Engineer: 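Just dropping this structure here.
Here is how names work: the chains are called A, B, and so on, in the same order as the sequence lines, proteins then strands, and each is numbered from 1. Not measured: the values here are computed from a predicted model.
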Protein chains: 2
Amino acid sequence: MDKDAKNRLIEAAMPLFPAKGYAGVSIREIAEAAHVNSAAISYYFGGKEGLYEAVLDVLFSQIDDAIHTIDVLQEKPQEFIRHFAMMVLNIHMHNPYIMLYLYQELSHPSPYLEQIIQKHIRKAFNTIHIAISKGISAGIFKKDINIEHAVMSLAGIINFYFFMTPVRKIVLKNYDDNEKEYVQQAISIFLNGIRRDCDEKKHT
Amino acid sequence: MDKDAKNRLIEAAMPLFPAKGYAGVSIREIAEAAHVNSAAISYYFGGKEGLYEAVLDVLFSQIDDAIHTIDVLQEKPQEFIRHFAMMVLNIHMHNPYIMLYLYQELSHPSPYLEQIIQKHIRKAFNTIHIAISKGISAGIFKKDINIEHAVMSLAGIINFYFFMTPVRKIVLKNYDDNEKEYVQQAISIFLNGIRRDCDEKKHT
DNA sequence: GTCTATATTGCGATAGAC
DNA sequence: GTCTATCGCAATATAGAC
């Protein structure tokens, strides 16, 4: 069973690395969870680090795949941003580990972080950037906004919620896990917030 | 030098834990950075875990201290939210480690996470919750918004930006680090987005 | 390709001198 | 209160049998 053992190792390692931190997981532990011998990790991936890199690759490829399902050029900016947000929601619901690995990478970057950003995150950033630019040109969004900042605001308003899930479970009395409703309201706030015909009175 | 060695250990450990993960840092490494003997960690903190807990305590106490500087009851909701955001900005600029520890705790919670949330984060959440409620009662904010979701949106739009700093440095061409400008625009987007007299036309 | 056994290294904690 | 030395343990990686 060649491919099978490899895939089982990746699947088994996926939840373990963020749960205990890279250094906190032992290859024995991963091998046990995958029902393979610990020596198989060195055999297939050249060692623990190679396995970690393989997990990263599997995870972040999913972002690319998802981005390809929508086309920024063929939709109105607001519609595109809504679709994009729903796509992000979908990723979080189906694979909660992507964000955990991203956060792990951001606090202690591995040599592959830059590669991941260039390969997978930059495209998402650029796509949103284009959508907002189009909206400004079309007179839908305010023209004096900093677009790069707006992209970060959109990313934050959507993603932070998912990352804070453990906090929400403790802080919220009636925790009901309505992620879709959250994203819809968040996107409404964001789109309302950058709309051109909705200027806030300046407050000195 | 009693207190001095203790404090030096906390200061030395602060950047190391998030940089390599809890398990990835050795007590010898921390002791060396603090210019104390490694045995001092067990002597002062009862072991590595006690030192980690002490670092958490020092860091998250700062949130409490900052919250006490503004009073939700004595300001208009918008003003309060702006002040709160500037306070968060201030914390991030003066101590980048709080967020790193929060992220570390969220991906692999230590036994102290719940304690930290109850002691330090819940109050911040409740304070914002009150400000938004007041704004709704006063007819300033939309009355049909989910307040808890709105609090998460506000937290996300502000905090995510700081956490993504390493990504921003790679993705943005002219990275100029204008955090204050970011927060001001983000808050404007958020406040505009929940304003009552600014309803978005429904799509569909 | 898969296993056992092991070489080697480094860890956290502590006993005991000063 | 601070140091050295060391104990006991667990880690990764690998050699070699099957």
Engineer: If you count every heavy atom of other residues, nucleotides or ligands that lies below 6.0 Å from Glu114(B) atom CD, does the total exceed 12?
Structural biologist: no
Engineer: Answer yes if the ring centres of Phe160(A) and Phe160(B) are under 6.0 angstrom apart, and no otherwise.
Structural biologist: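 Aromatic pair excluded; centres sit 6.0 Å or further apart.
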Engineer: For dT14(C) and Tyr43(B) - does any side-chain N or O of the residue sit under 4.0 Å from the phosphate oxygens OP1/OP2?
Structural biologist: no
Engineer: Establish, with yes or no, whether the OP1 or OP2 oxygen of dT4(D) is under 4.0 angstrom from a side-chain nitrogen or oxygen of Asn37(B).
Structural biologist: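 Result: yes.
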Engineer: What I want to check is whether an N or O donor and acceptor connect the side chain of Arg28(B) with the base of dG10(C) at under 3.5 Å.
Structural biologist: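 Absent.
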Engineer: Measure from CG on Leu9(B) to P on dA13(C) and round the result to the nearest Å.
Structural biologist: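 So the CG-P distance, Leu9(B) to dA13(C), works out to 13 Å.
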Engineer: Of all the nucleotides listed (dT14(C), dG1(C), dA13(D)), which has the minimum atom distance to the side chain of Tyr44(A)?
Structural biologist: dG1(C)
Engineer: Take atom NZ of Lys48(B) and atom P of dG10(C), then tell me their distance rounded to the nearest Å.
Structural biologist: 15 Å
Engineer: Nearest of dT4(D), dG1(D), dA13(C) to any side-chain atom of Ala39(B)?
Structural biologist: dT4(D)
Engineer: Without decimals, in angstroms, what is the distance between Leu16(B) CG and dG12(C) P?
Structural biologist: 12 Å
Engineer: Provide, to the nearest angstrom, the distance between the CD1 atom belonging to Ile41(A) and the P atom belonging to dC3(C).
Structural biologist: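 Going from Ile41(A) (CD1) to dC3(C) (P), I get 12 Å.
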Engineer: Answer with yes or no whether the side chains of His92(A) and Asn159(A) bring together a donor and an acceptor at under 3.5 Å.
Structural biologist: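 Yes, side-chain donor-acceptor contact under 3.5 Å.
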Engineer: Between dA13(D) atom C1' and Ile30(A) atom CD1, what is the distance in whole Å?
Structural biologist: 14 Å
Engineer: Select one nucleotide: of dA13(D), dT2(D), dA13(C), the one nearest the side-chain heavy atoms of Ile27(B).
Structural biologist: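 Output: dA13(C).
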Engineer: What is the distance, to the nearest angstrom, from the NE2 atom on His35(B) to the C1' atom on dG1(D)?
Structural biologist: 19 Å
Engineer: Between dT4(D), dG12(C), dA11(D), which one does the side chain of Ser26(A) approach most closely?
Structural biologist: dA11(D)
Engineer: What is the distance, rounded to the nearest whole Å, between atom CZ of Phe45(A) and atom P of dA13(D)?
Structural biologist: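 Computing the Phe45(A):CZ to dA13(D):P distance gives 13 Å.
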Engineer: Is Lys48(A) close enough and on-axis enough to Tyr22(A), meaning under 6.0 Å and within 45°, for cation-pi?
Structural biologist: yes
